[in-house]
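Here the structure comes first, spelled out in C-alpha cells, and everything after it is commentary.
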Amino acid sequence: MSGRSRLGTSSRWRWRASGCSRTRWCPVTDETVPALVADGTRPPATGRDVRCRIAPSPTGELHVGNARTALFSWLTARRSGGTFVLRVEDTDRERSTDEAIEILIRSLRWLGIDWDEGPEVGGPYGPYRQTEALDLFAGVTRRFLDEGRAYRCYCTPEELEDRRQEALSRGETPGYDGRCRNLSAAELAAFEREGRPFAVRFAMPGTDITVWDLIRGETTFPASDLRDFVIMRSNGIPTYLLAAAVDDVRMKMTHVIRGEDLMPSTPRQLEVMRALGAEPPAYAHLPLIVGPGGQKLSKRFHAVSVERFREEGFLPEALVNYMALLGWSRDAETTFLSREELIEAFDVTRVSRNPAVFDLAKLEWMNGHYIRESSGERLAAMLGEAFAADGVPADPALLMRAVPLVKERMKVVGEGPALLRFLFAGVEPDERAAKALEGQAGLLAEATAVLEGLPEGGWTASTIEEALRGLQERLGLKPKEAFQPIRAAVTGTTVSPPLFESIELLGREPTLARLRATATAGGA
RNA sequence: GCCCCCAUCGUCUAGCGGCCCAGGAUUCCGCCCUUUCAAGGCGGCGGCACGGGUUCGAAUCCCGUUGGGGGCGCCA
C-alpha cells in the first residue's frame with residue numbers, strides 16, 4: 001500500500017492503530033496533537049490545545065446537517081477546554097452573500113454555539129473570512145507553482161466538459177486527464193501569446209493515499225482516482241480544496257469534523273498540507289442526515305434550516321438535544337441531555353457510521369418535553385411573537401396567565417395561537433363547534449343564567465366549575481354533554497384548553513356575551 | 001460507468017464473541033386518568049438484509065451477494 005508508506009514512514013506523518021473504542025485507527029503524533037493519545041486507549045480530546053472549527057459556506061440558511069456538524073465540533077472543543085473557531089468559506093462568489101453570513105451567525109448563536117475566534121470576535125489567526133485572505137492563497141499558489149507542485153491549466157470549461165462526457169461514454173472515470181501537466185515550452189508560449197486564461201492545478205503524487213478517520217478508521221483512495229485538481233480559479237479566487245486545507249493549517253486545527261460528503265476531498269487536502277510541510281489534523285467524517293426516504297434532505301422536507309425551526313416555535317435546547325442524538329448516543333438509556341451533560345459526555349469517536357434519517361415526529365415530541373420544562377415568562381414571550389406573526393395583538397399579561405393552559409398541549413410554540421386565539425379575538429364557531437351547538441339553546445341559556453349569578457369578583461375557575469357542574473348535575477347530563485356545547489360557544493372550537501380556566505381568563509362579560517349570542521343564534 | 005462509505009424494530013439508537021430467543025426512545029395500537037385536546041401512567045405490535053466461513057459459541061470477526069448513501073466541478 002503505497003499510500004501507507006508515503007505517510008507512514010516519515011516521522012512527521014506517523015500514525016498508528018491505538019485501541020480506540022471500536023478498534024479504530026487513531027492518529028498519533030508526538031507534538032501536535034498529544035491530547036489525542038493521552039492514555040493510549042482512545043482519543044479523549046482533552047487538552048487546551050484542541051482546536052476545532054465549523055467552516056460553512058454562506059449560501060443560504062444554516063442547514064440542520066451543518067448545524068449538527070457545528071454542534072459536534074463545538075462539543076469536541078468545549079469538552080476539552082480547547083478552542084472553537086468559526087470560519088466563513090465564501091470563495092464561491094456566485095452564491096455567497098453577506099445576508100447569509102448574518103443568518104449563519106444568528107442561527108449559531110440561537111443554538112448556543114459560540115466561537116472563540118471568528119467573525120465579530122476576531123482572533124490571532126484571521127482573517128476568518130476567506131475572501132479577505134485572497135493574497136495569502138495567491139501566495140501559496142505561487143509557491144506551489146515555483147516548487148513544481150502545481151501547474152497552469154489552460155483547458156477551458158467547455159473542453160473539460162467535452163472530455164468528461166467522452167470519458168463517461170467510454171465507461172471511464174471522469175476527471176481531469178492531466179493534459180496541461182506536461183505542456184511543451186512551445187505550447188505554453190502559444191497559450192501565453194493568446195492571452196488564454198488559466199487555472200492552477202495541484203499536481204498529485206500518483207500514489208494511493210490513505211486517510212485516517214476518528215470515526216471510520218483507515219480508508220485508502222487509489223491513485224487513479226486522485227486526479228489533479230484546481231486550486232486556483234482563472235479569476236484569482238482559490239477553490240475550497242486549497243482554501244480549506246491552507247486555513248486548517250494556518251488556523252492550527254487539530255480536529256476537522258465535517259460531513260461524510262467531504263470524505264473524497266480529504267486525500268487531496270492531505271496532499272496540499274503535505275506540500276505545505278504541515279502536520280494534518282485528525283479527521284472525523286460524520287454520517288449524513290437524510291430525509292424520510294433515506295434520500296438527501298431536500299427543501300421539500302418540512303424544514304431544513306435552523307432559521308425555520310426557530311420560526312416555527314422549536315426551542316434551541318430541543319433542537320440541540322435532538323441533533324446530538326442523530327448519529328451519537330451516550331449510552332443505551334439516556335435521551336435527555338442538557339448542554340452541560342452533552343459537553344461532559346460527547347465523544348466524537350462514538351459517532352455512528354450510518355446515515356441518520358431526520359425524524360420530525362421525534363423532534364416534536366422532544367420539543368414538547370422542553371416546552372413543558374420552560375418558564376412561563378419565556379413561553380409567554382414566544383407566544384407573543386407567534387401571535388404577532390399571525391397579526392393578532394395579544395395582551396402580554398393575559399398571555400402570561402394563559403401559558404399554564406397550553407404548555408403541555410404544544411409540540412411547537414407555533415401551535416399556541418390556534419389554542420388561545422379565543423382569548424384575543426372574536427370567535428366564529430368552526431364546523432364541528434357549530435354541530436356541537438345544534439339544539440343547545442336551552443342549555444346555553446341555563447349556563448348563562450348560572451354564570452350571571454357569579455359576581456365579577458368571584459369569577460374564578462373553581463367557582464365557575466362549581467356553578468357549571470351544579471348545572472350539569474341538575475340537568476342530569478354527562479359532563480361531556482353539558483360542557484362541549486359551552487366550550488363550542490365560548491371558544492368556537494371543540495378542542496380547547498381546559499374549559500373552566502379558559503372561561504376565567506376570557507372574563508365575565510365576554511363569556512356571557514358569547515353564550516347569549518350563541519344561545520339565540522346558532523343554538524336555536 | 002468508476003471510486004469510497006454504510007447495513008440491529010418504520011425512525012434514532014444500545015450492543016465491542018457467551019450477560020441478547022437483542023435493551024431504550026419515538027411512531028402506531030389498546031387500557032387507565034379525564035369537561036375536549038393534551039400531558040401522565042400501564043400494556044402491546046415491531047428488528048440483527050441475505051449467503052458462506054472462523055469459533056465450543058456470532059448481532060458482534062472474515063469473505064461474498066444484495067440494498068442504500070456519498071463522490072467523480074474553475075460548488076463546498
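Not measured: the values here are computed from a predicted model. So that the names make sense, note that chain A is the first sequence line, chain B the second, and so on, each numbered from 1. Side chains are part of it too, since the values below use all heavy atoms of this structure and drop only hydrogens, waters and symmetry mates.
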Starting at [atom1] of [X] and ending at [atom2] of [N], how long is that distance when rounded to a whole Å?
X: A:E166; N: B:C2; atom1: CD; atom2: C1'; value: 17 Å
X: A:F358; N: B:C12; atom1: CZ; atom2: P; value: 12 Å
X: A:L337; N: B:A25; atom1: CG; atom2: C1'; value: 12 Å
X: A:D331; N: B:C12; atom1: CG; atom2: C1'; value: 14 Å
X: A:R353; N: B:C12; atom1: CZ; atom2: P; value: 16 Å
X: A:Y322; N: B:U27; atom1: OH; atom2: P; value: 12 Å
X: A:E333; N: B:U26; atom1: CD; atom2: P; value: 13 Å

Notebook entry, point to check: Quick check: are there more than 12 heavy atoms from other residues, nucleotides or ligands sitting under 6.0 Å from CD of A:E194?
Noted result: yes
Considering Watson-Crick and G-U wobble pairs with both distances under 3.5 Å, what does [N] pair with?
N: B:A38; answer: none
N: B:C56; answer: B:G18
N: B:A7; answer: B:U66
N: B:G1; answer: B:C72

Notebook entry, point to check: What distance separates A:T131 OG1 from A:I237 CD1, expressed to the nearest 0.5 Å?
Noted result: 7.5 Å
Next item on the list: Check whether any side-chain nitrogen or oxygen of A:T219 sits under 4.0 Å from OP1 or OP2 of B:C4, and answer yes or no.
Entry: no
Check: Are OP1 or OP2 of B:A7 and a side-chain N or O of A:N354 less than 4.0 angstrom apart?
Finding: yes
Any side-chain donor near an acceptor of the partner, [X] and [Y], under 3.5 Å:
X: A:R258; Y: A:H285; result: yes
X: A:N66; Y: A:T69; result: no
X: A:S502; Y: A:S496; result: no
X: A:T491; Y: A:R487; result: no

Check: Tell me, for nucleotides 35-46 of chain B in 5' to 3' order, what letter each nucleotide earns: B for a base near a protein heavy atom under 4.0 Å, S for only sugar-phosphate near one, - for neither?
Finding: BBBBSS------
Next item on the list: Sugar-phosphate means primed atoms, P, OP1 and OP2; the rest is base. With that split, encode nucleotides 65-76 of chain B 5' to 3' as B, S or - using protein heavy atoms under 4.0 Å.
Entry: ----SSSBSBBB
Notebook entry, point to check: When the P atoms of B:A49 and B:U26 are considered, how many whole Å apart are they?
Noted result: 24 Å
Note to self: Under a 4.0 Å threshold between the charged nitrogen and the carboxylate oxygen, would A:E446 count as salt-bridged to A:R474?
What the structure shows: yes
Checklist line | Ring-face cation contact, A:F72 with A:R68, 6.0 Å cut, 45° max | finding: yes
Checklist line | Test: A:R201 cationic atom under 6.0 Å from A:Y176 six-membered ring centre, within 45° of axis | finding: yes
Next item on the list: Select base, sugar-phosphate, or nothing to describe what A:G327 touches, counting heavy atoms under 4.0 Å on all strands.
Entry: sugar-phosphate
